[in-house]
Structure formats: C-alpha cells, structure tokens
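Below is one structure, written out as structure tokens; comments come after it.
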Amino acid sequence: GHARAEEKTDFKVAWSIYAGWMPWGYAADNGIVQKWADKYGIAIEVTQFNDYVESMNQFTAGGYDAVTLTNMDGLSIPAAGGVDTTAVIVGDFSAGNDAVILKDGTALTDIAGRPVNLVEFSVSHYLLARALDSVGLSERDVSIVNTADPDMVGAFQTPDVTAMVTWNPMASEIAALPGATKVFDSAQIPGEIIDLMVANTEVLQDNPDFGKALAGIWYETTALMVADTPEGAAARAAMGAASGTDGAGYEAQLAATRLFDKPAEAVAFVNSPDLATTMDHVRGFLFDKGLLGPTAPSADAVGIELPSGQVLGDGANVKLRFTDDWMQMAADGAL
Amino acid sequence: MRWINRRPRRGAEMLLLCLPFAALVAAYLIGSAIRLDANPADKLLPSPAQLWAGIQRIALMPDPRTGEWLLWSDTAASLMRLAAGLGIATVIALLLGMAVGLLPYLRASLGAFVAFLSMVPPLALLPILFITLGLGEAAKICLIVIGVAPIMTRDLALRVHEIPREMIVKAETLSASTWLIALRVVLPQVLPRLLTSLRLQLGPAFLFLIAAEAISADAGLGYRIFLVRRYLAMDVIFPYVAWITLLAVLADIAIDRLRSRVFPWSDLERGA
Amino acid sequence: MRWINRRPRRGAEMLLLCLPFAALVAAYLIGSAIRLDANPADKLLPSPAQLWAGIQRIALMPDPRTGEWLLWSDTAASLMRLAAGLGIATVIALLLGMAVGLLPYLRASLGAFVAFLSMVPPLALLPILFITLGLGEAAKICLIVIGVAPIMTRDLALRVHEIPREMIVKAETLSASTWLIALRVVLPQVLPRLLTSLRLQLGPAFLFLIAAEAISADAGLGYRIFLVRRYLAMDVIFPYVAWITLLAVLADIAIDRLRSRVFPWSDLERGA
Amino acid sequence: MSAISVENVWKEYGDQVVLENLSLQIADRAFVALVGPSGCGKTTFLRMILGQERPTRGRILLDGQPLPPEPGPDRGVVYQRYSVFPHLTVGGNVMLGPELRGARLTGRRFGAARRRLADEARAMIAAVGLAGSEDKYPAQLSGGMQQRLALAQALMMRPRVLLLDEPFGALDPGIRADIHQLMKRLWNEVPMTAVMVTHDLREAFTLATRVIALERLRDRPEERERYGARITRDISIWPPRVAGQRTSFDPPEGAEPPL
Amino acid sequence: MSAISVENVWKEYGDQVVLENLSLQIADRAFVALVGPSGCGKTTFLRMILGQERPTRGRILLDGQPLPPEPGPDRGVVYQRYSVFPHLTVGGNVMLGPELRGARLTGRRFGAARRRLADEARAMIAAVGLAGSEDKYPAQLSGGMQQRLALAQALMMRPRVLLLDEPFGALDPGIRADIHQLMKRLWNEVPMTAVMVTHDLREAFTLATRVIALERLRDRPEERERYGARITRDISIWPPRVAGQRTSFDPPEGAEPPL
Ligand SMILES: Nc1ncnc2c1ncn2[C@@H]1O[C@H](COP(=O)(O)OP(=O)(O)OP(=O)(O)O)[C@@H](O)[C@H]1O
Ligand SMILES: Nc1ncnc2c1ncn2[C@@H]1O[C@H](COP(=O)(O)OP(=O)(O)OP(=O)(O)O)[C@@H](O)[C@H]1O
Ligand SMILES: [Mg+2]
Ligand SMILES: [Mg+2]
C-alpha cells in the first residue's frame with residue numbers, strides 16, 4: 001500500500017548493493033536493525049534489491065518508507081515524481097568510487113569523439129558531464145551508449161568500447177584490465193555524489209522515531225565497521241562477501257568512499273554552503289536531460305530545501321529536503 | 001440445452017469479444033483514479049490525459065533533446081534487430097533442421113546437441129556474447145538467434161522427420177537424389193511449418209530483444225522502456241508495451257497471411 | 001547410396017552423439033588457454049582448474065558468511081519459485097483452456113483476449129508487477145505465470161477444440177452433461193498434451209525466473225548469476241548455466257516419463 | 001416403440017440447399033439403409049436425427065414427440081472413425097455410458113455398482129466378440145475390433161434408435177462380413193430401430209429391412225445450389241426381414257459365405 | 001525385359017522371422033497379385049523389391065542383375081496413402097519425376113523442355129481420367145482421383161516394375177471398379193511388370209495374371225517368432241492374360257459389370 005501520513009509502527013526500508021550501503025544489509029543480518037527497532041517500539045523490515053532502479057521505483061510508488069539512493073537520483077526520481085523526500089542520513093560521498101576510464105588514452109581530452117558507455121541518467125552520466133566541463137568539452141563531443149551496470153566489466157573488454165563511466169566495484173575491476181586508464185574520478189568533484197538514506201517526509205514527520213532508529217542503526221554499524229579490531233575486519237569481510245567480493249576487495253572500495261561514520265562530520269557536511277552549489281549543478285544537469293519531468297519549465301521546477309532553510313527552486317513545490325535533525329541527535333548522543 | 005451446444009449470435013459475438021478488453025481498460029481506469037486520488041503526482045498508473053500527453057511526446061513530436069521522433073526511431077532500430085535476428089534464426093533452422101531431419105548421420109550427431117542447446121538459458125550467457133561480439137548490433141541480433149534458433153531447428157527437424165517415409169521413397173522412385181529430395185520434396189513441405197514456427201517464436205524474440213537492448217543500446221523499444229524505468233515514466237512504458245504487443249500481433253497475422261498466400265495447399269491439408 | 005539412406009552403426013552412433021559436445025568442450029579449452037596465455041588474470045574463460053575451484057566454492061563447501069551451500073540453497077529457492085509458477089500456470093491453462101475450448105460463449109469472449117495476452121512482453125511489465133505485488137516470492141512467481149500461462153492456455157484451448165466433434169457427440173449420446181464431457185472425455189485427452197505443453201514452457205519459465213531474480217532476491221540461481229556478473233566471475237556463471245541447463249533437461253525428461261507412465265495410451269496414439 | 005417420422009424437412013447451409021422437402025416414416029424396429037452418392041446429404045440427414053443439426057424447415061418426430069434439440073442417450077451413434085475414446089480401455093469405453101448416466105457428478109461408479117456394471121460390460125464385450133481384450137486401448141485394436149467396440153459402447157445405453165454412419169467403410173472385406181453377422185444378431189436381439197448410411201449396396205441389401213436412396217435430381221452446376229437431394233428410391237426388402245425372426249431366406253447363422 | 005527372381009529370401013526383424021525362405025520367379029510383364037492375412041509380410045516383400053529394405057538372407061535379381069540397394073526410377077510404387085505430394089498440383093505431381101531426372105541441380109525444367117514435358121504430362125493426366133484437374137491440389141481431389149494421380153505420376157517414369165501396396169483399399173467399391181478398368185488398360189499399354197498387394201481376392205482375380213498367397217503356416221503364439229510366412233498358393237489365372245492382348249474371356253472395355 002501507499003505510505004500514508006499517519007502514525008504507524010511497521011516500516012519498510014529498501015537498500016541495494018553498493019559499497020556505501022552494505023552496512024544496511026549487515027545491520028539487518030546481525031540484529032542491529034532489530035535492536036534499534038525494538039528500542040523505539042517499531043518494526044523495520046529491510047529488503048535488499050539486486051536492482052537499484054527498482055528499489056527507487058518501489059519507494060516512489062509508495063511501497064517503501066525509506067530507500068538508499070544518491071542525491072541526484074533522489075531529486076530526479078522520488079522528488080520529481082511528486083514524493084516529498086527527506087535525506088535522513090548522509091552516509092558517504094564518492095571519493096573515487098565513480099570513474100571515467102579510457103582504453104588507449106591517457107588524458108580525459110582523449111575522450112572527444114568516442115562513444116561512451118555508461119548508465120544513462122545515472123550519477124555516471126553526471127560525472128561525465130562534470131568531467132567534460134572540467135576540460136571544456138561538452139556532451140556533444142561524445143556519444144552516449146546506455147549500458148547496464150552488471151555488464152560493464154564484460155563490455156569494457158570488447159573492441160568497440162573505448163570509454164566508460166561507471167562505479168565500484170566495476171570501476172576497479174575495469175581499471176585493473178590491461179590497457180585501461182582512469183582519467184577522471186569522483187575524487188576530483190568531492191562531495192558531489194552523495195549516498196543517502198532517504199525517507200518519505202510525511203512518514204518521517206508523523207513518526208520521528210523511525211528517523212531516530214535509522215540513525216541509530218547507521219552509526220552503530222559504521223562504528224563497528226571502521227574499527228580496527230577483529231570484529232571490524234569480520235564485519236568488512238561479511239559486507240564484502242555480501243556484495244560478491246571479499247574483504248580485501250571491499251576495503252579497496254571503501255578507500256574510495258568518504259564514509260561519514262561520525263555524525264558530527266555528516267552534520268558539518270550538510271551544513272556547508274558547498275551542498276547548495278552541488279545541488280545546483282545537479283538540478284541543472286537533470287533539467288538539461290529532461291529528468292525533472294516533461295513539463296518542467298526550468299531547473300527551478302522542483303524545490304530543494306537545505307538544512308539552513310534556504311530553498312533552491314520553487315518554494316511551493318519543495319520535494320527534496322536535506323536536514324541534519326537525526327544526524328545531530330546522533331552527534332549529541334540523544335538517540 | 002448443454003452449454004457446450006449453445007452458441008452466441010452474430011451480434012453477441014462482437015460484444016463478447018470486446019468484453020474482456022473493456023474490462024481491462026475499466027480496471028486500469030479505476031486503479032489509476034484511486035491512486036491519483038491518493039497522490040496526484042503518482043506515476044504508476046497515469047490518467048488517460050497523462051497517457052495521451054506521453055504518447056504525444058514520444059510519437060507525435062520530436063524529442064527536444066535529439067530532434068528525433070522517439071517512438072519511430074526506437075521502432076525502426078528494434079524492428080531492424082528483430083528482423084535480422086529472426087531472419088538468421090530462420091535460415092539456420094531451415095538448413096540445419098532439414099539436414100538433421102533428413103540425414104541419419106547428422107541426426108545421430110546433432111539431434112541431442114540441438115535439444116541440449118535449446119535448454120541453455122541465453123540470458124545467462126549475455127556477458128560472453130557481449131565480450132565476443134562487442135556491444136553493437138551483432139550481440140543483440142546474436143542473442144535473438146541463440147534464443148530462438150535451437151527451438152526452431154528442433155521443431156523443423158521433427159517436422160522433416162514426420163514426413164511419411166513413403167513420400168521420400170516415392171521421390172526416390174522418381175529418381176530424386178538426396179539434394180533433390182531436400183529441394184523439391186522436403187523444403188516446400190516444411191516451409192509453411194517454418195513460418196508457423198516463426199510465429200510462435202515472435203514472443204520469445206521480442207523478449208530477447210528487450211533484454212539485449214536493456215543491457216546496451218542507444219535506441220530501441222527495450223532501451224527506452226528500461227531507460228525511462230529509471231524515473232518510473234509509466235506514461236511512456238504503457239504506450240510502448242501496447243505498441244510492442246500490437247507489433248507482435250500484426251507480425252503474427254502478417255506471417256500467417258503470407259503462409260496462406262504463398263502455400264495455399266497448406267490450408268487445404270489442414271482442413272483434410 | 002544416397003546419404004538419406006545411410007545409417008550409422010550402433011557403435012558409431014554413440015560416437016556421433018558425443019562429437020558435438022566434445023567439440024564444444026575442446027573449443028572452450030582452446031579459447032580459455034589462448035586468453036589465459038595472453039592475460040593470466042583474464043576472467044572470461046576460466047581454466048578447468050579455476051572452474052573446479054569455483055564449483056568447489058559454490059557447491060561443495062558452505063559459504064563462510066551464511067553457512068549455506070550456495071548452489072543448493074540457490075537451487076532450492078529457484079526450483080520452489082519455478083514449481084509454484086509453473087504449477088499455477090498449468091492449473092490456469094487447464095481450467096481456462098478447457099473452458100475456452102469447450103464452451104462457444106467463452107471462446108467468443110476470451111479466445112482473442114488470451115491470444116492478445118500471450119503477445120504482451122512480460123519483461124516490460126516487471127516494474128508494475130513488483131509494485132503491485134511487492135518484492136516477495138509473489139511477484140517472481142507471478143512473472144512466470146504471466147509469461148507462460150497465456151501461451152499454455154491458448155495451446156490447450158486449441159487442442160480441446162481439435163478433439164473431433166464426433167467424440168463429443170458420442171459422449172452426448174452416452175448421456176454426458178457438459179460437466180461430464182469436460183471431466184471424463186476432454187480432460188483425460190488433453191492432460192498428456194498439457195504435460196507436453198509444460199515441457200515446451202520450461203525454457204521460457206527459466207528465463208522469466210532469471211529475469212525476476214535479477215531484480216530482487218536474496219537467493220536463487222538467477223540472483224547469483226546477476227550478482228557475480230558485476231565481477232565477471234565466469235568461474236561461477238559457467239557452472240550455474242550448466243546446472244540450469246541440466247535441471248531443465250532433467251525436468252523435460254521427467255515430465256515426459258510422467259506422461260508416458262500415467263497416460264500410456266498417449267504413446268500408442270502417437271504411433272498410430 | 002421408436003418410430004421416426006420425418007415431415008417436410010429441408011436443410012440448407014447458407015444458400016446451398018442440401019436436402020429438399022424430405023418426408024419419411026420409419027417403423028419401429030426397422031433397419032433402414034441410406035445410400036446415395038457422396039455429398040448428397042446422408043450424413044446431414046443422420047445428424048438431424050441425432051440432434052446434432054436442426055432442420056431448416058419441417059420437423060422430425062420420435063414416437064410422435066419432437067426430437068430433443070441435442071444428442072442424448074435415446075439415440076446411439078457409430079461413426080466411421082472417432083467413435084471410441086482413445087484414453088479408455090475396451091472395458092472403460094463400454095462402461096462409460098452407464099457410468100455417466102449413473103454418476104452425474106463424478107462420472108464414475110465405485111464398489112458394488114461398479115462390479116455389477118463391469119459384469120454387464122464384460123457380457124457385452126463378449127457379445128461383440130472382443131472377450132479377452134478388456135484391458136487393451138483402442139489403438140491396440142484393429143479397425144474391425146474398434147468398430148465392434150463402438151457398437152458395444154453404443155448398445156450399452158440400449159438406445160431406441162441406433163444411427164450408423166458408414167460404420168464398416170474402412171474395414172477389409174473379410175472382417176466386414178464378420179461384423180455384418182454380428183450386426184444382424186444384435187439387431188435381432190436388441191430392441192431398436194437402426195438407420196445406417198453406407199456406400200456399399202451389397203451391405204445395404206445384406207443388412208437392411210428397407211433401402212432408401214437419396215439423390216440430387218437436378219445436379220447441373222447452375223442448379224446445385226438451389227435444389228437439394230430427395231428420396232429417389234425406397235425399396236422394402238423382400239421377403240421382409242422382421243427383427244427377432246429369421247426368415248428361411250436368411251442363411252443359417254455362421255454360414256454366411258465369405259466374400 | 002524386367003523379370004524378377006527371388007532366391008531363398010529370408011527377412012527377419014531382430015529375432016522375429018517375417019519371411020521364410022521365399023523363392024519365386026516373376027516373368028516379364030506379369031501382373032502378380034499378392035494376397036494374405038494382415039501382418040504376414042506382404043508389404044515387407046514389396047519393400048524388398050523396391051530396395052527400401054534388404055533381405056536378411058538370399059537375394060533378389062532384376063533381369064539377372066542384383067537389385068540396387070535403394071529405390072530408384074526403374075521401380076515405381078503406389079501406396080495406399082502418401083503417394084502424391086500435397087504441395088504440388090496435379091500437373092506438378094505428374095511432371096515431378098521427369099523434372100527430377102532431367103534437372104539434377106534445380107529439379108525444375110524451364111522453357112521449351114518444360115512445355116514439352118507439360119504436354120506429355122497432360123496426356124498422361126488425361127489417360128488416367130483427370131483431364132481438367134491439372135491445377136488442383138491433391139487435397140482437393142477425392143481418394144480415387146488421388147490414386148489415379150499416383151498412378152500417373154509413377155507411370156511417367158516408365159518404370160520396369162510397378163509395385164502397388166493396397167492401392168485401392170481405401171476406395172469405395174464403385175470408384176474401385178472404375179480404377180480397375182484403368183489399371184487393366186495401363187498394364188496392357190505400358191511395358192512393365194506389376195506386383196500388387198491386396199486384401200481383396202476379387203480384385204486379385206480381376207486384375208492379375210498370377211495370384212500368390214503368403215501365409216504363416218505355423219502361427220501358434222510360441223511359433224510366431226521363429227517361423228515366417230511362406231508361399232502357400234501360386235495360382236496362374238486361366239485363361240492366361242497376356243499384356244497387350246485381350247482374351248475373349250475378358251469383357252469388352254467399358255462393359256465391366258458394376259460390383
Ligand atoms: N457444416 C456444413 N456447412 C456447410 N456445408 C455443409 C456442412 N456440412 C455438410 N455440408 C454440405 O452438405 C452437403 C452434404 O454433406 P454430407 O456430409 O451430408 O454428405 P454425405 O452424403 O454424407 O457424403 P459422403 O458420402 O461423402 O459422406 C455437402 O455438399 C457438404 O459440402
Ligand atoms: N520396421 C519393422 N521393424 C520390426 N518389425 C516390422 C517392421 N516392419 C514390419 N514388421 C513386422 O513384420 C511383419 C510383417 O509386416 P508387413 O507390414 O509386411 O505385413 P503386411 O502383410 O503388409 O500386413 P498388412 O496387410 O496389415 O499391411 C509384421 O509382424 C510387422 O510387425
Ligand atoms: Mg457422410
Ligand atoms: Mg501392408
């Protein structure tokens with residue numbers, strides 16, 4: 001059924017397999033979710049999706065109360081789809097997890113004129129746009145071929161693929177292939193590709209305990225996983241195995257991720273003025289691609305509220321909200 | 001009177017035919033109204049007006065970004081792949097099926113192998129396909145071929161084998177060589193069946209096409225559906241699904257017409 | 001002597017049967033050796049040793065994380081879904097197919113509709129399915145049902161309709177009602193055909209299963225293939241594909257044995 | 001009693017007149033052979049008596065009552081093909097009718113009722129000369145045996161009228177002579193009226209009490225559509241055969257000369 | 001010349017002996033009718049002459065030469081069913097043999113050669129009484145017409161031996177009488193040796209110069225496997241019929257009495 005605005009006790013959370021979101025699966029498997037749900041007297045069902053897009057669609061259609069997604073997809077899918085969405089937790093941002101990789105080329109400018117394989121309209125597309133921007137090229141200088149993310153590794157080994165934009169774990173697999181050169185990665189646009197746990201705003205307003213539980217789960221799990229202890233190593237190994245690789249492979253992915261395991265750092269991140277700049281880039285990009293809705297007259301069509309209360313775009317149609325409420329509680333130890 | 005013996009009248013027949021379609025449309029409209037009532041921005045079941053807007057956008061005006069009429073360019077790209085894939089599969093099925101059905105040596109050696117191939121799930125082999133053939137048209141066409149050719153081959157070999165032995169012997173007494181038997185006795189008799197077999201494979205072929213286009217493409221019906229799935233644009237997906245269904249139905253009818261036109265005797269046989 | 005009349009001897013037959021399989025294995029080994037020679041870290045065509053290691057990992061020892069024997073838990077999950085989907089589809093096809101084939105009123109109203117449904121590409125409807133039915137087993141089973149039931153229904157209705165009118169009339173003269181005709185004359189005659197139809201749908205059913213599991217699951221053959229595809233772990237994918245093929249072949253044989261055992265007369269008819 | 005009267009019956013398919021104004025009285029326990037060229041409407045006529053088709057005009061009465069509009073257990077039928085059920089054994093085929101009549105829900109008899117029925121069926125199977133084949137499937141029987149089975153199956157219902165549409169057309173002459181014998185005996189013993197379509201005049205005269213020929217009188221192409229077949233001959237066999245009585249002209253049983 | 005000699009031929013399928021030590025001389029231009037009970041091996045015998053099967057022991061000679069091991073244009077055949085090609089018109093069926101023989105690559109004749117062939121075919125079609133049906137498909141013909149077509153098709157090859165396996169078994173008696181007439185005429189006119197399997201003794205005696213009966217002498221179940229059929233009767237028709245000559249005992253053409 002549709003997530004309705006009312007007090008309730010059963011919540012559904014969707015997550016999909018990606019380095020920065022593995023803690024959610026680990027927390028569900030190891031009783032951490034249960035523990036925090038019990039603490040607030042609610043029930044949380046955590047579902048793993050193989051297919052990221054499907055998890056967002058389910059959230060947009062009201063099947064789930066919260067979902068893991070990136071800032072860009074949060075704006076283009078649930079928010080542009082009319083679902084008022086609040087970012088409860090800023091989990092990490094990509095610092096090298098997404099990359100532009102070329103075959104037989106050493107500089108980003110070599111990309112000109114090539115077909116580029118990427119998941120169209122995804123953060124990879126955004127990364128490409130920013131990368132092209134940085135060397136004075138534009139999307140008109142390349143052609144885009146939509147390619148499914150699970151097949152990126154295989155695709156790169158075919159002769160007609162010479163440029164690719166993708167994320168980890170595929171990116172590191174591909175970069176390790178002979179002849180592949182990483183020419184641009186998200187570390188060069190730090191803080192622009194942000195991995196979030198978002199929830200339906202109405203649900204959240206009516207059930208603040210849900211937000212608290214999410215925050216509790218996240219910070220307990222991340223604290224465990226970054227710990228330099230045998231338990232920490234075991235947790236990382238388990239998350240690696242769950243994503244189809246092993247402990248070492250997973251740690252390599254984490255190295256390219258700026259994980260906010262301390263709530264205070266996350267609070268500082270969302271309150272920095274850079275977030276407004278980032279979201280402005282993002283909405284410009286989405287509008288350009290027609291992803292804010294076929295009838296959107298400008299990039300202002302969907303309003304984005306920042307923790308300061310500042311609104312980007314249409315204040316009457318705020319659908320994506322950044323807040324530090326729950327992360328602040330965690331930082332304050334108020335959970 | 002038993003229900004088995006009751007027949008609807010002419011007029012009632014038309015009505016009965018439309019009934020389930022009408023019910024489907026009604027169910028959609030009601031579901032759509034309910035969902036839109038709860039959330040006016042809901043995208044899952046767009047209202048007729050939204051659907052119409054979607055159709056206009058994709059079929060009746062050029063895409064502002066690329067200047068292409070999306071539905072038509074996608075259809076052209078997909079049909080090209082489909083035609084190539086089915087064409088190649090048909091030729092393979094014809095040649096291999098006839099050979100396996102006719103020649104005991106080939107039957108002994110390839111019969112079981114073709115049956116085995118027809119059981120391999122082609123989708124699971126996609127990575128290999130893409131790597132060996134690249135991401136271009138070849139891989140997509142090849143997926144369709146791999147998906148439908150073994151089944152068509154098997155079916156055709158069976159049909160060839162079912163031709164009464166008497167007919168083959170008769171041809172031998174008319175001085176036919178193996179080649180001439182294949183050319184003038186077996187081929188024309190199995191061609192109508194090949195077309196029927198082709199019709200049955202239209203559904204699977206579309207399936208493989210969509211699956212291949214979902215993985216890598218820059219145009220095509222499956223590409224568009226999976227692309228717009230990213231933002232749950234059901235106002236595009238529904239028209240595309242309806243359009244694909246319509247195309248499949250039309251192709252089905254066209255192939256059957258062709259069979260009946262080119263091989264008039266195959267209709268006579270059926271009645272006999 | 002014409003090739004058409006030359007038959008391999010008993011011993012040669014076995015050899016010929018194995019030949020293409022041996023060729024396939026040989027081609028694989030050569031390809032693998034060449035690729036690994038060029039790049040020892042190549043993952044596309046693992047060496048036999050690597051394959052064996054992969055098989056050991058998935059089939060012969062428990063997964064360190066969950067303590068489950070992956071291949072077996074995946075197989076159990078997938079087969080459960082497959083059995084449920086095919087079971088439901090078979091029941092639907094049987095009931096609806098018999099009704100549509102027997103009753104003129106239903107035929108007039110549902111015949112075209114079922115044909116139409118069988119042309120809708122089910123993969124394109126996946127999002128709707130997941131949203132309406134959730135992500136549990138229901139949606140996956142339902143995809144299989146939607147994918148195979150219309151075709152099976154259509155086939156069965158056709159078979160029912162093909163039963164000579166004389167037989168139905170004869171049953172009427174033996175005082176059968178519509179219900180009794182369905183139960184004692186039509187049902188037993190189409191059951192063997194239903195099983196054959198089921199066999200033909202095994203391939204598509206596996207396809208839909210894999211597609212559904214690719215989107216959301218936490219176990220299953222398709223899930224695993226899509227999970228490890230990100231790493232191009234062909235040492236897992238190849239054994240899984242071979243295993244799926246083997247399962248499909250075994251199911252195919254088992255259903256045919258069942259038919260032949262339960263309906264011995266259906267073999268006699270065929271020979272006639 | 002099971003007299004059939006056909007009153008001014010016409011049968012048209014679309015514009016094509018098949019049967020034209022047929023009138024006919026068939027006495028109780030008669031054995032009528034219907035002969036005529038291919039396509040003249042013999043099967044159509046039989047189908048109308050069976051209730052499978054309805055006359056376009058006119059009516060057919062069975063013992064003075066209008067015919068039910070669909071086939072029922074009072075009229076049995078044996079076709080040239082498809083008269084037995086391939087999925088039932090010989091025993092199952094013969095028992096089917098009584099089972100269907102007796103168990104309207106399951107179509108099966110159990111326990112004592114079934115045993116009684118099985119005995120009855122066994123007797124009937126023996127009567128048509130199929131004793132010992134009870135557990136065989138039709139596909140395991142020769143053509144002649146299948147037609148015997150079809151007869152046994154129809155007779156189990158004790159129909160008032162037995163309709164036969166070229167029942168022996170596909171059989172070899174030797175087997176046909178055999179089955180003619182059987183047919184005669186059955187007609188003598190079982191109280192029924194029989195109407196048999198045949199292409200074989202010899203068969204007609206061997207079995208029937210009355211031979212009726214249907215023919216299109218106007219058969220030029222331009223007339224084909226507008227004129228149907230009529231009764232052109234109606235011959236009563238002499239000396240008359242009467243069911244249950246053998247005439248001295250019939251050869252003694254078992255002494256039928258081979259063809 | 002086309003005399004057939006069968007020398008000590010055995011045919012076994014696995015353990016089952018079907019034909020046991022058959023020896024037989026068939027003279028040039030003879031018309032042999034082969035009769036016998038169902039399953040005694042008549043078709044098997046015909047298949048061996050045709051080259052479709054090989055004897056387990058013994059040999060068959062055609063004019064003193066061992067038979068080629070597979071069917072060929074010197075031996076024509078007409079089966080009870082499946083003797084004509086459903087995808088070809090009457091004309092196409094009749095022309096097929098010469099086309100296949102003349103064009104080893106395409107199996108088709110064009111231009112003048114085709115026109116000549118078409119004329120020849122038309123004459124043959126007329127000879128079997130199918131004139132006017134040249135463009136019909138077999139499914140549009142009655143059973144009798146299909147068998148005439150099969151005859152015409154086989155005769156176009158001027159085979160030295162014509163083999164007929166119950167060619168008229170499925171036909172109505174009236175049509176059968178017709179086609180018997182035709183058969184006689186053709187055998188008289190076309191130089192060939194004919195061997196015909198039939199179930200119908202009357203047919204055998206109507207057409208043949210010699211009637212041969214095959215039978216299993218030991219037919220008890222335990223003997224079935226081990227003993228095959230042998231020739232039990234070999235009757236030359238008297239007065240002898242000779243191809244190309246009518247005897248005064250044969251009724252004048254067209255005056256064959258209806259059955
Ligand atoms: N359902 C039908 N629709 C239209 N025409 C029909 C139908 N059934 C029979 N006919 C026509 O009615 C005529 C009589 O057919 P019918 O089968 O009764 O002939 P018949 O005397 O039984 O012939 P045969 O000896 O070949 O069995 C034929 O011309 C046939 O084409
Ligand atoms: N290919 C075969 N394999 C095994 N047994 C065979 C084969 N063909 C024929 N037979 C057996 O050989 C015997 C003779 O068969 P055949 O067909 O020659 O008999 P027939 O005299 O032509 O009978 P009918 O009059 O029924 O046509 C039968 O018992 C049959 O079962
Ligand atoms: Mg008839
Ligand atoms: Mg035979």
Side-chain angles (χ1 to χ4, degrees), chain B residues 94-95 97-99 101-107 156 158-198 256 258-272, chain E residues 43 46-47 49-53 68-89 92-108 135-143 146 150 153-163 165:
Chain B
L94 188 63
L95 297 182
M98 289 225 335
L102 263 180
L103 306 178
Y105 268 89
L106 270 185
R107 186 156 58 248
L156 209 75
L158 208 74
R159 295 293 153 166
V160 171
H161 199 54
E162 272 175 8
I163 291 180
R165 190 74 205 167
E166 284 89 342
M167 249 179 227
I168 308 289
V169 172
K170 177 88 191 198
E172 290 183 89
T173 67
L174 299 178
S175 78
S177 60
T178 292
W179 160 248
L180 284 173
I181 289 174
L183 183 71
R184 294 236 36 209
V185 175
V186 174
L187 178 69
Q189 287 200 53
V190 295
L191 276 181
R193 176 64 204 184
L194 184 72
L195 291 181
T196 303
S197 183
L198 183 62
D256 198 44
L258 180 75
R259 181 195 55 70
S260 173
R261 174 75 52 95
V262 181
F263 309 107
W265 57 271
S266 61
D267 281 326
L268 297 173
E269 279 300 289
R270 200 170 294 187
Chain E
T43 297
L46 224 56
R47 281 217 200 108
I49 302 185
L50 195 54
Q52 200 183 339
E53 301 269 354
E70 54 178 354
D74 50 347
R75 285 150 292 159
V77 67
V78 177
Y79 296 104
Q80 184 167 9
R81 298 198 300 157
Y82 307 125
S83 274
V84 291
F85 299 102
H87 62 289
L88 295 174
T89 59
N93 263 292
V94 173
M95 283 158 61
L96 183 65
E99 278 197 301
L100 294 175
R101 175 151 59 191
R104 300 306 289 172
L105 195 64
T106 62
R108 282 174 198 282
D135 293 329
K136 288 197 177 145
Y137 286 100
Q140 296 170 306
L141 303 180
S142 71
Q146 287 187 23
Q153 188 181 42
L155 292 177
M156 282 295 279
M157 300 304 283
R158 318 221 154 261
R160 294 156 69 194
V161 178
L162 181 63
L163 302 166
D165 194 357

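Here is how names work: the chains are called A, B, and so on, in the same order as the sequence lines, proteins then strands, and each is numbered from 1.
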Given a strict heavy-atom distance threshold of 4.5 Å, which part of Arg101(E) is in contact with chain B: side chain, backbone, both, or neither?
both

Does Arg108(E) CZ have over 12 foreign heavy atoms under 6.0 Å away?
no

For Tyr137(E) and Pro264(B), which heavy atoms make the closest approach, and how far apart are they?
OH-CG, 3.7 Å

Residue Gln153(E) versus chain B: region with a heavy atom under 4.5 Å:
both

Mind listing the closest non-hydrogen atom pair of Phe85(E) and Pro138(E) along with its distance?
O-CG, 3.4 Å

If you count heavy-atom pairs under 4.5 Å between each of Glu70(E), Glu99(E), Met157(E), Arg81(E) and chain B, which one has the most?
Met157(E)

Would you check if the side chain of Glu53(E) reaches a backbone N or O of Arg47(E) as a donor-acceptor pair within less than 3.5 Å?
no

Arg184(B) backbone acceptor or donor facing His87(E) side chain under 3.5 Å
yes

Part of Leu88(E) lying under 4.5 Å from any heavy atom of chain B:
side chain

Pick from Asp74(E), Leu100(E), Leu96(E): which one has the most heavy-atom pairs with chain B under 4.5 Å?
Leu100(E)

Side chain, backbone, both or neither: which part of Ala103(E) has a non-hydrogen atom closer than 4.5 Å to chain B?
backbone

Thr89(E) side chain to Asp135(E) side chain, donor-acceptor N/O pair below 3.5 angstrom
no

What part of Tyr79(E) lies closer than 4.5 angstrom to a heavy atom of chain B: side chain, backbone, both or neither?
side chain

